[in-house]
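Worksheet: one structure, shown below.
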Amino acid sequence: MGLRLYNTATRSLEPFQPLDPERVGIYACGPTVYGHAHIGNFRTFVFYDLVHRTLEWLGYPVHFVMNLTDVDDKTIAAAAREGMTLEEYTAPFAESIMEEADTLGIRRFDLYPRATSYVDRMIELVSILLERGLAYSTDDGSVYFDISAFPDYGKLSGKDLEQGRRGERVAADEYEKEDARDFALWKASKEGDEAVGAVWEAPWGRGRPGWHLECSAMGLAEVGETLDLHLGGEDLIFPHHEDEIAQSEGATGKPFVRTWLHVKHLRVEGEKMSKSLGNVISVRGLIDEGVPPAAIRHQLLSAHYRSELNFTRAGLEGSARAVSRLLDFEARLEEAVEEASGDSKDEDASTETLRAIADRAEASFREALADDLNAAEALAALFVFMREANSVVDEASASGLLRALEALRSMDEVLGLLETGRAGRVVDPEFARWVESRIREREDARSERDWQRADAIREELGAEGVILEDSAQGTRWKRGTPSELPG
RNA sequence: GGCGCCGUAGCCAAGUGGUAAGGCAGAGGACUGCAAAUCCUCCAUCGUCGGUUCGAUUCCGACCGGCGCCUCCA
């Protein structure tokens with residue numbers, strides 16, 4: 001079955017059909033870099049990552065662009081408060097967001113354009129819209145989009161245009177809009193703007209671009225006149241994306257976006273995350289507390305992107321355990337492959353069974369993703385695979401085990417849990433040498449059946465975060481996640 | 001008020017017109033010197049009330065409860 005996606009514009013599942021199969025063009029609304037990103041932002045970014053990885057996994061050549069908004073009211077205000085230019089103020093935030101994204105296993109997209117680098121394009125767009133009579137400038141040098149000239153306005157969000165009555169309350173408005181629903185393409189400069197360098201020369205006056213304009217400019221410039229996919233948080237449907245459509249289509253005369261994908265907001269411990277509730281969670285904070293990044297990623301992937309996700313502490317612990325099992329599973333397969341290739345086990349029934357298990361798992365995994373990127377169901381397929389494979393690992397031959405390992409890693413190309421989780425188990429070599437020497441001492445004690453000494457060493461290692469696993473092939477060790485450690 | 005979404009086991013969370021995936025937690029068992037890891041077994045009738053249907057958790061309606069957008073918040 002081919003990929004099907006839920007298109008916000010049509011409110012239905014549609015088969016995915018890129019305009020150009022050689023280059024799938026995707027634009028995602030990125031963060032405003034005026035502060036640290038929170039876990040809600042990262043639900044969205046992890047979703048972008050899921051789209052990115054899934055399409056590539058399915059074989060599509062993807063061109064994926066996510067913008068960074070480095071000029072808007074809040075950014076200007078914050079920069080002014082700090083006495084900095086926009087550039088100086090936003091740079092560190094952009095950097096920290098990228099770092100955290102890396103930590104969560106969000107693969108780099110192809111391009112991260114910044115709004116301030118595309119102002120020329122925005123001015124061009126406004127000129128075209130003015131020429132075409134879709135926009136008007138006002139005495140103060142601002143420019144507004146004339147909604148009444150764009151009949152499709154409201155189609156994406158399903159707004160009833162007759163709701164806001166034309167002309168009403170315009171007099172009371174601080175701007176000189178002709179219609180309360182018109183939106184700014186260009187804002188005439190104010191003193192604050194000058195101080196932080198948020199001012200550009202345009203034919204109709206000095207000022208700065210309106211927020212919605214940047215995404216049209218960057219999308220058109222870096223992806224094309226018609227995007228295959230445009231992604232964003234659910235809150236952007238109106239007015240941001242509605243306005244993007246009006247500007248872009250008004251300027252090009254072509255459909256701007258074929259499929260709109262919107263991700264739902266998350267909740268924290270069952271409540272809306274908000275500054276007033278004081279429950280805004282930062283990824284940086286979680287990581288500093290010792291929460292494994294892979295656990296965060298797991299929880300963010302555990303619910304379908306169009307449903308609300310409840311981000312909780314308890315869930316984080318559960319996710320840490322789940323990821324840990326996945327890592328154990330990979331390690332177990334690797335070890336088994338090594339052993340099996342040693343004693344050249346023959347192909348047998350259990351090998352065939354393992355191959356069948358892997359095939360079936362990949363098939364249901366693929367089906368889940370193809371069905372509107374159902375990551376929760378894909379995860380279920382992976383865990384069923386893990387249970388079934390674990391039960392035959394000891395009997396299978398090297399070729400069967402390799403097939404299982406290949407399937408596991410293939411699925412992780414999309415989920416990115418192993419690759420993210422492995423980073424948490426890296427230890428420095430000196431520590432590893434110490435652990436191994438303690439394990440050898442414990443082996444001596446065990447061979448003398450000195451259980452007390454053996455257990456004492458295990459406890460000593462446990463205090464350092466090391467978990468031991470005795471098996472017929474010797475003792476394995478791993479570094480445990482906080483939730484697995486005593487205390 | 002307008003548009004829309006959700007209510008599945010202790011927690012998280014998929015899904016289907018024909019008696020409900022997966023994860024975490026929990027109970028019992030196998031394995032183990034003891035553990036760990038792993039495996040096996042157990043643990044829900046799907047907010048309430050009606051309707052349609054041979055049959056509904058899944059469709060329709062009402063109600064109760066929670067939530068989103070409608071103001072440059074992902």
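Naming convention: chains lettered A, B, ... in sequence-line order (proteins, then strands); numbering from 1 in each chain.
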Ring-base stacking, A:Trp451 with B:G33 (5.5 Å, 30° cut-offs): yes
Toward the 5' end of RNA chain B, by each residue's nearest nucleotide, A:Ser157 or A:Lys272: A:Ser157
A:Arg267 side chain near B:G68 phosphate (N/O to OP1/OP2, under 4.0 Å): no
Check: A:Phe150 ring centre within less than 6.0 Å of A:Tyr153 ring centre: no
Presence of donor-acceptor pair under 3.5 Å, side chain of A:Arg43 and base of B:A74: no
Atom-pair distance (CZ on A:Arg387; P on B:C24), nearest Å: 11 Å
Check: A:Asn374 side chain, B:G15 base, donor-acceptor under 3.5 Å: no
Phosphate OP1/OP2 of B:C5: any A:Lys264 side-chain N/O under 4.0 Å: no
Charged N-O contact under 4.0 Å between A:Asp328 and A:Arg321: no
Aromatic contact, A:Phe383 with A:Phe329 (centres under 6.0 Å): no
Base partner of B:C5, which must satisfy Watson-Crick or wobble distances under 3.5 Å: B:G66
Under-4.0 Å side-chain N/O to phosphate OP1/OP2 contact, A:Arg476 with B:A36: no
Along RNA chain B (nearest heavy atom to each residue), the more 5'-positioned of A:Ile39 and A:Phe329: A:Phe329
